Amino acid sequence: MSITTVRIGSEADIVRVRQVAATLTRAFGLEKFAHTRAVTACLELARNALQYAGGGRIAFGAVEGRNHLMLTVSVRDQGPGIKDVDRLLSGRAVHGTDGGLGGRGMGLGLRGVKRLAQEFDLVTGPEGTKIDIAFAAPN
């Protein structure tokens, strides 16, 4: 079920992503630590889309998981794609180097987002990048 979508085209949109993510994580009943993890992951993805792809959109939704409701977050952009996903996610990319694999974001990068989210899926290519993450609501 789709809840809302936020366009990411400027720094002001990052503030909106924070507001929406915070509101939804509270509505889903995520405890403080889980709430912070989810909001942080959403902010990192939104900043990456703006910084590396010139923008995109972030869609929030809900799906029924195994015994619990899941808050889903899907970020899509039309940037050039990520050059070496395996290297980036393995931690072998050096921060601030490697042709855009490390940068000036919050410092988490996609590897950090993957660790924060309970579900993580990434598809990238020359037509853009799509990243889906999810967080379980407590029973």
Side-chain angles (χ1 to χ4, degrees):
M1 167 179 76
S2 177
I3 297 174
T4 192
T5 300
V6 178
R7 184 183 69 77
I8 304 165
S10 70
E11 283 294 323
D13 297 327
I14 304 299
V15 174
R16 179 76 177 131
V17 167
R18 178 194 304 266
Q19 293 168 339
V20 170
T23 298
L24 289 175
T25 56
R26 282 193 291 273
F28 274 68
L30 272 65
E31 295 178 8
K32 188 172 184 170
F33 184 67
H35 160 85
T36 300
R37 288 173 45 166
V39 171
T40 300
C42 291
L43 286 172
E44 184 71 13
L45 292 178
R47 286 193 181 284
N48 284 352
L50 184 60
Q51 180 177 348
Y52 296 114
R57 61 185 171 87
I58 184 167
F60 297 89
V63 296
E64 192 65 39
R66 298 181 199 131
N67 305 327
H68 50 263
L69 190 62
M70 301 286 289
L71 171 62
T72 62
V73 181
S74 181
V75 178
R76 296 180 183 188
D77 67 50
Q78 294 180 336
I82 300 170
K83 295 177 182 173
D84 192 343
V85 173
D86 293 335
R87 187 169 180 213
L88 178 67
L89 294 178
S90 72
R92 293 187 316 256
V94 178
H95 181 74
T97 64
D98 296 329
L101 291 180
R104 301 173 308 273
M106 296 166 56
L108 288 175
L110 292 180
R111 185 172 180 230
V113 170
K114 184 176 181 181
R115 287 193 316 265
L116 292 174
Q118 290 170 291
E119 293 183 9
F120 179 92
D121 185 57
L122 183 149
V123 177
T124 190
E127 67 286 344
T129 299
K130 177 182 174 246
I131 301 171
D132 296 315
I133 59 174
F135 302 89
N139 290 331

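For reference, positions follow the sequence shown, starting with 1. Just so you know, these numbers come straight off a predicted model, no measurement behind them.
- Remark: V123 pairs with D121 by the side-chain contact (heavy atoms from CB on, under 4.5 Å) rule, at least two apart or across chains.
- Shown are K32, H35, E31; of these, the side chain to side chain contact (heavy atoms under 4.5 Å, CB included) with T25 is made only by H35.
- In this structure Q19 satisfies the side-chain contact (heavy atoms from CB on, under 4.5 Å) test together with V15, R16, sequence neighbours excluded.
- Scanning for side chain to side chain donor-acceptor pair (under 3.5 Å) contacts around T124 gives T129, with sequence neighbours left out.
- A38 and L30 get closest at one heavy-atom pair: CB-CD2, 4.1 Å.
- Closest heavy-atom contact between L116 and F135: O-CE2, 3.5 Å.
- Closest of all the heavy-atom pairs between D77 and G55 is CB-O, 3.2 Å.
- Between atom CG of residue D13 and atom CZ of residue R57 there is a gap of 14.0 Å, rounded to the nearest 0.5 Å.
- With rounding to the nearest 0.5 angstrom, the CG atom of L43 is 5.0 Å from the CZ atom of R18.
- Nearest heavy-atom pair, G79 versus A53, reported as atom, atom and distance to 0.1 Å: CA-CB, 3.6 Å.
- Judged by distance alone, the side chain of E44 and the main-chain N or O of V113 form no donor-acceptor pair under 3.5 Å.
- The shortest non-hydrogen separation linking K130 to S74 is CE-OG, 4.0 Å.
- With sequence neighbours excluded, the residues forming a side chain to side chain donor-acceptor pair (under 3.5 Å) with E11 are R47, listed by chain and number.
- Of the inter-residue distances, the one linking R7 atom CZ with I58 atom CD1 reads 13.5 Å to the nearest 0.5 angstrom.
- Listed by chain and number, the residues in a side-chain contact (heavy atoms from CB on, under 4.5 Å) with A134 are M70, T72, E119 (sequence neighbours excluded).
- Here the CG atom belonging to L110 is positioned 6.5 Å from the CG atom belonging to L45, to the nearest 0.5 angstrom.
- When all heavy atoms are compared, the tightest approach of T5 to A59 is OG1-CB, 3.7 Å.
- Qualifying side-chain contact (heavy atoms from CB on, under 4.5 Å) partners for E64, counting only residues two or more places apart in sequence or in other chains: L69.
- One finds the CD1 atom of I3 at 4.0 Å from the CZ atom of F28 (value rounded to the nearest 0.5 Å).
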